[in-house]
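In each ligand, atom 1 is the first atom listed, and ligand 1 is the first ligand listed. Since the model is a prediction, treat every value here as computed from it, not as a measurement.
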Amino acid sequence: RPVTVESRHHIQVRDFVQLPASVTPSPTVCSTPAAVDNVSQYACQRRTTTENHNKMFTDALEVLAESSEFNENEGRCLAFRRAASVLKSLPSAVRSLGATQGLPCLGEHTEAVIEEILQFGRCFKVEEIQCDERYQALKLFTSVFGVGPKTAEKWYRRGLRSFKEILNEPAIQLNKMQRAGFLYYRDISKTVSKAEAQALRCIIEETVHWIMPDAILALTGGFRRGKEYGHDVDFLVTTPELGREEGLLLHVIDRLQDQGILLYCEHQGTTFDATKLPSCNFEAMDHFEKCFLIVRLYEDQVEGGLQRNPGDSRAWRAIRVDLVVPPVDRYATALLGWTGSRQFVRDLRRFARKERRMLFDNHALYDKTKKMFLSTTTEEDIFVHLGLEYVEPWQRNA
Ligand code: DCT
Ligand code: MG
């Protein structure tokens, strides 16, 4: 029986078969996808909600990415993260290798992982990594607030394998952040729920507005993208008039301190220099004034109560909070940058650079052809300047 247009479309929608135009279609596969658009290689041209239909694959790819990161293989790490990001954007689960044809960013390693998972329900390379002593140690160490891959590697090379060994090693000098990381490890290694983030928003909002009633506060990071859980709560704070933000953050910190809820605070003054071009290095921290906090959140402040560890009878838990203070004329770029996801923003920058000859970072959008900064008052302005369709925050979970 001949394949009808309808049934062919049905195959396409289900399997995401997208052949490049040069490939001659076989009788059962249609080459002109109607229901599913071509998937872009740039995350900023895809819409990615929190609903991930391909978690089985993306979890495996994340382990491979992380392991590559520990081995300082940046290229491989990025390749796995890009592949995972493409799979996250698909509207349903990949059920056959054929369904990945024509998708961008899927290299042969990724294809092999997908094939193995489709066939065996697991990936042996991933399991091997997860059993690896070095991977386990580095994963454990980097789960501590203030410990990056470099420090973790240093500790591993010393022969250290557990928290106990690190804390008992007299030669190791923990910095203030790492000490807080260990002190509050049980709390801050646990996820933060949406209700807990909301409670923190109320606390920060009240504090900020007590100091400056017309200050602008925005919840950013994963919670702005609609995530149910996060590892911290991120906020942007600014003022309607340029310059009035100076001194505000220190005041907020003092006030939190007075309330007795500040468990840890690292404040970084601004190093912002308006004459500097946007940076090409995504991983570089932006120059805005900010603070990394650990805040005490009480049971009765959270709708539905706190998430608790078993056997924990305290009436509070510790939560990681980031407050970032861009001057108001940088608010839109800062908001876009701090809303993330990392992969989404990384690709916005790559798209700007490669497709538009523009430089974009948390501070500014610069047109290299026109040799000028483009004015950006809202996130929408940035998408317009880049010639991109607007992507809502909840669609940026790339
Ligand atoms: N970001 C940034 N510069 C940094 C750190 C982060 O621009 N130096 C951006 C990237 C994503 C966003 O801020 C929030 O960062 P995270 O809190 O690390 O990520 P998240 O998406 O909020 O994820 P999580 O739910 O784990 O907090
Ligand atoms: Mg966050």
Establish, for the pair Arg314 and Trp316, whether the NZ or CZ atom is under 6.0 angstrom from the six-membered ring centre and no further than 45 degrees off its axis. yes
Numbered atoms of ligand 1 (with element) below 4.0 Å of Met285, judged on heavy atoms: 4 (C), 8 (N)
Please say whether the positively charged group of Arg225, taken as NZ for Lys or CZ for Arg, lies over the ring of Trp394, i.e. under 6.0 angstrom from the six-membered ring centre and within 45 degrees of the axis. no
Tell me yes or no: between the side chains of Gln45 and Ser40, is some donor less than 3.5 Å from an acceptor? yes
For Gly230, the ligand 1 atoms whose distance to one of its heavy atoms is below 4.0 Å: 25 (O)
Would you check whether Gly340 has a nitrogen or oxygen atom less than 3.5 angstrom from a nitrogen or oxygen atom of ligand 1? no
Residue pair Glu266 / Gln268, side-chain donor-acceptor N/O under 3.5 Å: yes
Using distance alone, with no hydrogens and no angle criterion, decide if Gln301 and Arg296 have a side-chain donor and acceptor under 3.5 Å apart. no
Donor-acceptor pair, Arg330 side chain versus His363 backbone, under 3.5 Å? yes
Will you find, in the side chains of Asn397 and Thr49, an N or O donor that is under 3.5 Å from an N or O acceptor? no
Here the atoms of ligand 1 under 4.0 Å from any heavy atom belonging to Asp234 are 14 (C), 17 (O), 22 (O)
Is ligand 1 less than 4.0 angstrom away from at least one heavy atom of Asp232? yes
Between ligand 1 and Asp286, can you find any atom pair, the residue atom being a heavy atom, that is separated by under 4.0 Å? no
Sub-4.0 Å heavy-atom approach of Gly337 to ligand 1: yes
Can you tell me if His267 uses its side chain to pair, donor with acceptor, with the backbone of Cys291 under 3.5 Å? no
Nearest candidate to atom 18 (O) of ligand 1, where distance is taken over non-hydrogen atoms, out of Arg346, Gln343, Arg320, Arg342: Arg342
Tell me, which pairs form a ring pair (Phe, Tyr, Trp, His ring centres under 6.0 Å) where one or both residues lie in residues 94-125, sequence neighbours left out? Phe120-Phe124
Does anything in residues 66-103 pair up under ring pair (Phe, Tyr, Trp, His ring centres under 6.0 Å), and if so which pairs, sequence neighbours excluded? Phe70-Tyr135
Going by the atom numbers of ligand 1, which of them fall below 4.0 Å from some non-hydrogen atom of Arg225? 21 (O)
Based purely on interatomic distance, does His231 place a nitrogen or oxygen under 3.5 Å from a nitrogen or oxygen of ligand 1? yes
Taking only heavy atoms of Gly221 into account, list the atoms of ligand 1 that are under 4.0 Å away from them. 14 (C), 22 (O)
Leaving waters out, which protein N, O or S atoms fall under 2.8 Å from the Mg ion (ligand 2)? Asp232 OD1, Asp234 OD2
Residues 179-220 vs ring pair (Phe, Tyr, Trp, His ring centres under 6.0 Å), sequence neighbours excluded, gives Phe163-Phe182, Phe163-Tyr185
